[in-house]
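Numbered from 1 within each chain, the chains take letters A, B, ... in sequence-line order. Model, not experiment: these values are computed from the prediction.
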2 protein chains.
Amino acid sequence: MDSVAVLGYAACAVTALTFLPQVVKTWKEKSAKNVSLLMFIIAFINEIMWIAYGVLRHDNVIIITNVIMITLCSAMIGLKLKYRNV
Amino acid sequence: MDSVAVLGYAACAVTALTFLPQVVKTWKEKSAKNVSLLMFIIAFINEIMWIAYGVLRHDNVIIITNVIMITLCSAMIGLKLKYRNV
């Protein structure tokens, strides 16, 4: 594997975990008033697009990255709806 | 261009604008207490990784997508620091 590919995989790994700090913060603080629901709805739709792209391109890295992202994104949408006015 | 490539470009376009609703919401509400700074710092570092990857791969779509993202991400970090306790 060349070093550019390693950078790509590392970038995917970081991308996959982008939403985790927001999920943890909201989970702990039980407050999400200032968090944009629209951002996570757009991200959710976007991850479906990326998973479809990954499946059509037979690219497991794209599929795995976006399955992790859509899981965290779904958790965040749930937390936002629960704590939207808090 | 095949239809899978079109899906990829469309997915990139949506990805590029993911942070926009959060920037607009925070700009309007002047409040970012519940927004995770760590999420945007991780995203910032991640976008530098993706821009480097795009440059090394001579992939303009990746470069443009992540230049837009890092611009919005920087704006959000600035807003978060300004309104972090509000």
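The closest side-chain heavy-atom distance from A:I45 to B:V14 is not below 4.5 Å.
When all heavy atoms are compared, the tightest approach of B:P21 to A:M39 is CB-N, 3.8 Å. The heavy-atom pair separating B:N46 from A:A11 by the smallest distance is ND2-O, 2.9 Å. Minimum interatomic distance between A:T15 and B:W50 (heavy atoms only, all atoms of both residues): OG1-NE1, 2.8 Å. Nearest heavy-atom pair across A:V35 and B:K25 is O-CE, 3.4 Å.
Ranked by non-hydrogen atom pairs under 4.5 Å with chain A, the options B:I41, B:I42, B:V4 are led by B:V4. Comparing B:L37, B:L38, B:L56, B:L7 by how many heavy-atom pairs each has under 4.5 Å with chain A, the most go to B:L7.
In this structure, chain B has no heavy atom under 4.5 Å from any part of A:D59. Residue contact with chain A, scored on non-hydrogen atoms closer than 4.5 Å, is absent for B:A13.
Side-chain atoms of A:N34 come within 3.5 Å of backbone atoms of B:K33 as a donor-acceptor pair (strictly under, hydrogens ignored).
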